[in-house]
Protein chains: 2
Amino acid sequence: MTLRALRGRWTTLVVRELFAGERTFGDLAAALPALSDKVLSDRLGQLVACGVVVRVREPGWPSRVRYSLTSRGHALRGVLDAMWVWGAAAT
Amino acid sequence: MTLRALRGRWTTLVVRELFAGERTFGDLAAALPALSDKVLSDRLGQLVACGVVVRVREPGWPSRVRYSLTSRGHALRGVLDAMWVWGAAAT
DNA sequence: CTGTATCCTGAACGATACTG
DNA sequence: CAGTATCGTTCAGGATACAG
């Protein structure tokens, strides 16, 4: 289940961005320049489907959408931290 | 770095098998029937390259190779456990 | 028994263009 | 601004056959 949620080369990086707080689509695109709009959209859709992220559409113009983590999304912090620690360990 | 080591649909399952102790190629193939020889070989090669697994070739016939985790491999336990816990949590 | 080689399919990725 | 549509590329995965 966790593998399905985190599948994709960029998924963990998107989640990492959201740990720092709410982000708009443009914020995420700017923070991850190597990621195309399409893939970012795909990943966000996947994360929403897995209950990790919520989309909130702001009414008005220009269009603005806020993405933030659900409680389940915040619970991923332990997983990603463990991955980070392992990757950072020289031994 | 961790993403690179664990990349692939089956990698974590192979590592999980090795947590239980040393395994031969045939053991792993039997434990993961959905995994073709080629992919198993690919994943093991990847894990060896990342310093997670060691191959030990037994001399003699029939050929027999023992796979086991390095200390770095055992350190992955925390990561995989965290993933498992998250996936198991209903909340 | 333990793999590697080859070929094929499907999914993920990346770029561009376009809509609300 | 925030996406979706489309298309081409790249890569992991599966099947089969074969080599050490």
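All chains are named by letter (A, B, ...) in the order of the sequence lines, taking the proteins before the strands, and each is independently numbered beginning at 1.
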*Does a side-chain heavy-atom distance below 4.5 Å link V14(B) with V53(B)?*
no
*Report yes if the side chains of L76(A) and L6(A) come closer than 4.5 Å at any heavy-atom pair, otherwise no.*
yes
*Do D27(A) and T24(A) have side-chain heavy atoms sitting under 4.5 Å apart?*
yes
*Does any residue of residues 59-67 of chain A have a heavy atom under 4.0 Å from DNA chain D, and if so, which ones, in number order?*
P62(A), S63(A), R64(A), V65(A), Y67(A)
*asked:* Just so I know, are the side chains of E22(A) and Y67(A) near enough to count as touching, which here means a heavy-atom distance under 4.5 Å?
replied: no
*L35(A) CG to dG3(D) C1': how many Å, rounded?*
13 Å
_Contact under 4.0 Å: R57(B) side-chain N or O vs dG20(D) OP1/OP2_ = no
*Span of DNA chain C, from the first to the last nucleotide whose atoms fall under 4.0 Å of chain A heavy atoms*: dA12(C) to dG20(C)
*Do S41(B) side-chain atoms and D37(B) backbone N/O form a donor-acceptor pair below 3.5 Å?*
no
*Examine L13(B) and V85(B) and state if one hydrophobic cluster contains both, with Ile, Leu, Val, Met, Phe, Trp and Tyr joined whenever side-chain heavy atoms are less than 4.5 Å apart.*
no
_Sidechain-backbone polar pair: E58(B) side chain, S63(B) backbone, donor-acceptor under 3.5 Å_ = no
_Candidate pair W86(B) and L80(A), rule side chain to side chain contact (heavy atoms under 4.5 Å, CB included), full reasoning_ = CA-CA 11 Å; W86(B) 188 85; L80(A) 296 196; over 6 Å; no
*Would you indicate whether the side-chain heavy atoms of M83(A) and L3(B) approach each other to under 4.5 Å?*
yes
*Please answer whether the main-chain N or O of A89(B) pairs with a side-chain N or O of R72(A) as donor and acceptor at a distance below 3.5 Å.*
yes
Kindly give the atom pairs (protein nitrogen or oxygen, nucleotide nitrogen or oxygen) under 3.5 Å for nucleotides 9-13 of chain D.
residue	atom	partner	partner atom	Å
dG13(D)	OP1	R9(B)	N	2.4
dG13(D)	OP2	R43(B)	NE	3.0
dG13(D)	OP2	R43(B)	NH2	2.3
dG13(D)	O3'	R9(B)	NH2	3.0

